There are 2 protein chains.
Amino acid sequence: MRVNETRVNRAMGNTSCTCEYCQLKNIFFAHVKSDELTNICDLKVERSYSKGESIIQEGDPITEFVYMKKGLVKLSKASIDGKDQIISFSKPFDFVSLLSVFSSTQYKYSVTAIEQTTVCILQLDVVRKYAEENALFAMDMMSNISQMTDKIILDNLEIKRKHLKGRIAHVLLYFSDYIYKKDEFELPISRREIAEYIGMTTENVIRTLSEFRKDEIIKIFGKDILIADKKRLKSISDFG
Amino acid sequence: MRVNETRVNRAMGNTSCTCEYCQLKNIFFAHVKSDELTNICDLKVERSYSKGESIIQEGDPITEFVYMKKGLVKLSKASIDGKDQIISFSKPFDFVSLLSVFSSTQYKYSVTAIEQTTVCILQLDVVRKYAEENALFAMDMMSNISQMTDKIILDNLEIKRKHLKGRIAHVLLYFSDYIYKKDEFELPISRREIAEYIGMTTENVIRTLSEFRKDEIIKIFGKDILIADKKRLKSISDFG
DNA sequence: ATTACTCTCTGATAATTATCATAGCAGGTT
DNA sequence: AACCTGCTATGATAATTATCAGAGAGTAAT
């Protein structure tokens, strides 16, 4: 993983974006022939978004195939009563369009940058054409969809079975262990967004974080979080 | 839908199971040539389970491709503390193995019959072989996976944003509108299983059902439920 | 500088939900 | 029959979570 990141960072520096070092070739286009891949790369578009900018809006027609090159995004959905619910987060190499792309013609959720984000965009009909001609590529795509949706479903199950404290612990560990791989990090989302993710109120998210701080499990400096007692946080997450 | 059901019921009567009338040909094997399909059908195995019997156990190696021919099943997962959580329900034409089949080598969940159920089983390597040779078939499979996981994810989001009463109303409407398409039906699961599905306690599920009964929204005769005031139930489900 | 935001934070109180205890009832078993 | 066991049911109480209210801090716009 660390190796991948390094390679991508090198590719990042290459603003002409030749795809030369893009890790996507290995994880997604492994079964696409290199000359075809060159065609695909030539047709791609790269777009950048700053924190808070909308990348995909719920209801938009799905015409593109969008994958994360750099950054962090949230997938969310507006419910009847106007409130947003966060479905999941996606990081580089995830396909943020994957959730609906083969089950609907319109996005059923929105995608928003929660960090400076770069995406690469392929036209859906191009990808579809390659998939229809290349079964191994289609199989790889299938595996990607499955892995992504699996993660979302299992993560939501985990959250569902926990109480408030366990859910907050779960979120902190998610960012610490899975996204940043550090004990100290800047929370990319607000307390309200945490609430939208775990299905609790903003006030109780804040209160619980304060409680963790008082119990010296974490340290808080605004958005900066330091996990001081990961063992205890883990046991709270698992149930304690 | 009603037409499909009729056709399948005809096929059901055919205990030699020639696949002749099996609706699966149209919805899943549409792009498989008919002589290949004959091969696939010759290799299939049909199994029946009575209510309560286990079809797939969490942790089992995934070697088969299982689809629902008749009946109703629950997908569930055991959590650390030993309690079960119900992920979703599947009905005829759903592929109950689909959730993990391309993302893992072992099932991450269990499948249990909650009604008398018949499944058809294909060997995974056979299906995989056809998919690797036939991209259109692989694409169809992808679409199936997407639709199934989409439903699970969106359904769980819905449940998450509702309170106890709304969740119970949601479950009742799910069985009434989506599974049985009738206002009167026999609940295929216990109160405890409803609780495992919506993430509440059994006592509160029972209490809420009693309350709905007192408010004359439903009538209860043991497992038999009659929805007397669907409009009100819908508004409770949406939020009221 | 002032206004108008949103976000973070805390306290008091209300509402919701869980836990514990108990009981009736049905089905299966010995 | 007598004995389990699991399911349904209800009440009392405890715990958890939401709602309402208010306040400070920061940021953007005028």
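Chain letters run A, B, ... following the sequence lines, proteins first, then strands; residues in each count from 1. As a basis for the values below, the full set of heavy atoms in this structure was taken, side chains included, without hydrogen atoms, waters or symmetry mates. Nothing here was measured: the structure is a model prediction, and the numbers come from that model.
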Atom-to-atom span, CG of A:D224 to P of C:dT8 - whole angstrom: 13 Å
Side-chain donor/acceptor contact of A:E203 with base of D:dC20 under 3.5 Å: yes
Interatomic distance, A:I189 CD1 vs C:dT6 C1' [rounded to whole Å]: 16 Å
Rounded interatomic separation in angstrom, taking CG from B:D84 and P from D:dG6: 14 Å
Aromatic contact, A:F93 with A:Y67 (centres under 6.0 Å): no
Short side-chain N/O contact from B:R191 to OP1 or OP2 of D:dT8, under 4.0 Å: yes
Sugar-phosphate, base or nothing in reach of A:R167, heavy atoms under 4.0 Å: nothing
B:K165 NZ - D:dT17 C1' separation (whole Å): 16 Å
Touch class at under 4.0 angstrom, heavy-atom based, for A:I206 against every strand present: base
N or O in side chain of A:K223 less than 4.0 angstrom from C:dT8 OP1/OP2: yes
d(NZ, A:K214; P, C:dC9) in whole Å: 10 Å
A:N204 vs D:dA18: side-chain N/O to OP1/OP2 distance below 4.0 Å: yes
Value in whole Å for how far the P atom of C:dT17 lies from NZ of A:K162: 21 Å
Value rounded to 0.5 Å, distance of CD1 in A:I227 from CG in A:L173: 5.5 Å
Distance flag, aromatic centroids of B:F175 and B:F89, threshold under 6.0 Å: yes
Length of the CZ-C1' vector between B:R213 and D:dT8, whole Å: 11 Å
Nearest-Å distance for atom pair CD/C1', residues A:E193 and C:dC7: 11 Å
Worked verdict on B:K234 versus B:D177 for salt bridge (Lys or Arg N to Asp or Glu O under 4.0 Å): CA-CA 11 Å; B:K234 275 213 167 76; B:D177 293 346; 3.7 Å; yes
Among C:dT17, D:dA18, C:dA18, the nucleotide that comes nearest once only the side chain of B:T201 is considered: C:dA18
Sugar-phosphate only, base, or nothing, as touched by B:S210 at under 4.0 Å among non-hydrogen atoms: sugar-phosphate
Touch class at under 4.0 angstrom, heavy-atom based, for B:R207 against every strand present: base
B:D94 side chain vs B:K91 backbone, donor-acceptor pair below 3.5 Å: yes
Listed nucleotide nearest any side-chain atom of A:S190, set C:dC7, D:dT8, D:dA9: C:dC7
